[in-house]
Amino acid sequence: MAYDFRKASVLIVEDNQPMIELIRSVVNTFGFREIHVARDGDEGFETFCRFNPDLVISDWMMTPTNGIEMAHKIRQHPSSPNKFVPIILLTGYSQKKRVIEARDRGITEFIVKPFKVHHLYRRIENIVEVPRQFVDATEFFGPDRRRKKVSDYNGPFRRERDEEERSRKEQMVHSEDNLYKEIIRQQKIEEERARTYHDPLVIDFEEDDDDR
Amino acid sequence: MTDESNGKARFYNPPNLLKQKVGSGGLGKDILEKAQRLLEENKIDFKPIAYTYMDALHAGLELAYNPPANVRKEKLLEGLLNPIMQLKANGGMFHYSLVSRISDRMIIFLENLATPDKDAQEIIQAYYTTITAILQSNLKGDGGKEGENLYLAICEACDRYCRKHR
């Protein structure tokens, strides 16, 4: 069994045509067949309302309406057909204040450009396998901004660094600093995984693939 | 959909529509590798894209050199930051990872800058000249030793500024 994206739809919102083509080719390779495209946040919201896609992948900086303004509209506007839709934001910004700004506007996942395929895949996999609770507070509506402990595994560990990882996760506090550090750390780990792709000792997701 | 309230906020567990449609099992290594190859082997020419952002950066620099009386410093900084962010975001996607690396350093510098003063403008001008040289000489990838030296020169300029203005 593997993911079958043929019945799922995705909306790409991006103002750079070559980047649209790249993202389209990647999601098409993943298996998506229904791929919608819009070139700014306004067109993105219109397209979203028209087709109600299962996933939105959006750039941040676009004019006249940017990606997080569009995300806010998707989360809040009365005519939005699905306020819970997962939204992945792609941007060249990686500074903490930017991540927090995006998170506060209802973004589900954040990817720093330039990105690799496994960055995008991991975010989609997160959305499918560990969806986040939604919070409706007076000043915010969107995915729960607190990151939860990823694993409750309490058994023996094969490698020393697994133990370090567990203790790091246990020490995670639900703070803005940790959210930011976690996003950047995950992206670095994924880059390292990609570099050492043929080492079976370090590629956890290859082992996972064998299990699937 | 399930929901609960703690008195201040309501929590929802919306139906996982994507999961319902795609099932389980993840994607195979072969699909991810194929997608990565598509990403890496794209034939898109980065230079026309880059020059668009370089023009925007040039305009941002002009504005910083001669700011109108009523312009906010945040506006001046955004005019510099946005095109550099775009160069960073796109460079690495289209075979110019050195452009991304140097731009990333410039973004960190600008994000911590209170106002684009004369010293900062010189550094941004040096960045502009460096990126122009990289594009003109088609210095793709990390640029090897030459790329490393260009990166270190920008880092050193930023560090000097920080020491002087700390």
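To find a chain, count down the sequence lines: A is the first, B the second, and so on, and within it residues start at 1.
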Considering only heavy atoms, which portion of A:Arg6 lies under 4.5 Å from any heavy atom of chain B: side chain, backbone, both, or neither? neither

Spacing of B:Phe94 atom CZ and A:Asn16 atom CG [to the nearest 0.5 Å]: 5.5 Å

Closest-packed option against chain B by number of heavy-atom pairs under 4.5 Å, given A:Asp54, A:Asp59, A:Thr91: A:Asp54

B:Ile107 to A:Gly92 - nearest heavy-atom pair and separation: CD1-O, 4.4 Å

Of the backbone (N, CA, C, O) and the side chain (C-beta and beyond), which part of B:Asp104 lies under 4.5 Å from a heavy atom of chain A, both, or neither? side chain

All heavy atoms of A:Ile127 vs all of B:Asn16, minimum pair found to be O-ND2, 3.8 Å

With rounding to the nearest 0.5 Å, note down the distance linking NZ in A:Lys116 to CG in B:Leu32. 14.0 Å

Closest approach of A:Tyr121 to B:Gly26 (non-hydrogen atoms, all atoms of both residues): OH-CA, 3.2 Å

Quick one: pull up CG in A:Asp144 and CZ in B:Phe11 and give me the separation to the nearest 0.5 Å. 6.0 Å

Using non-hydrogen atoms and a 4.5 Å limit, figure out which bit of A:Ile23 sits close to chain B: side chain, backbone, both or neither. neither

Quick check: are there more than 12 heavy atoms from other residues, nucleotides or ligands sitting under 6.0 Å from NZ of B:Lys140? no

Name the option with the most non-hydrogen atom pairs under 4.5 Å to chain A; the candidates are B:Ser24, B:Ser100, B:Ser103. B:Ser24

Inspect the surroundings of NZ in A:Lys83 and state if more than 12 heavy atoms from other residues, nucleotides or ligands are less than 6.0 Å away. yes

Quick check on the structure: residues of residues 70-92 of chain B within a heavy-atom distance below 4.5 Å of chain A, by number. B:Glu78, B:Leu81, B:Asn82, B:Met85, B:Gln86, B:Lys88, B:Ala89, B:Asn90, B:Gly92

Nearest 0.5 angstrom please: A:Glu21 CD to B:Asn42 CG, how far? 11.0 Å

Is A:Asn82 in contact with chain B via its backbone, its side chain, both, or neither, using a 4.5 Å heavy-atom distance? side chain

Apply the test side chain to side chain contact (heavy atoms under 4.5 Å, CB included) to residues B:Leu27 and A:Phe5: give CA-CA distance (whole Å), side-chain angles for both, the deciding distance (0.1 Å), then the verdict. CA-CA 10 Å; B:Leu27 285 180; A:Phe5 286 105; 4.0 Å; yes

On a heavy-atom basis, the closest approach of B:Leu39 and A:Phe115 is CD2-O, 3.7 Å

B:Gln36 CD to A:Thr29 OG1 distance, which is reported to the nearest 0.5 Å: 11.0 Å

Honestly, the part of B:Leu38 sitting under 4.5 Å from a heavy atom of chain A is both

Report, as yes or no, whether the 6.0 Å neighbourhood of atom NZ on B:Lys47 holds more than 12 heavy atoms from other residues, nucleotides or ligands. yes

What part of B:Phe46 gets within 4.5 angstrom of chain A, counting heavy atoms only: side chain, backbone, both, or neither? neither

Turns out that what part of A:Phe30 lies under 4.5 Å from chain B's heavy atoms comes down to both

Side-chain (A:Asp4) to main-chain (B:Lys21) donor-acceptor, under 3.5 angstrom: no

Cut-off 4.5 Å, heavy atoms of chain A, and the answer for B:Leu17 is side chain

How far does CD of B:Glu111 sit from OG of A:Ser94, to the nearest 0.5 angstrom? 8.0 Å

Would you sort out whether A:Phe134 and B:Arg10 count as a side chain to side chain contact (heavy atoms under 4.5 Å, CB included), showing the intermediate values? CA-CA 8 Å; A:Phe134 265 66; B:Arg10 292 185 77 82; over 6 Å; no

Nearest atoms (heavy-atom pairs only) where B:Leu18 meets A:Ala8: CD1-CB, 3.9 Å

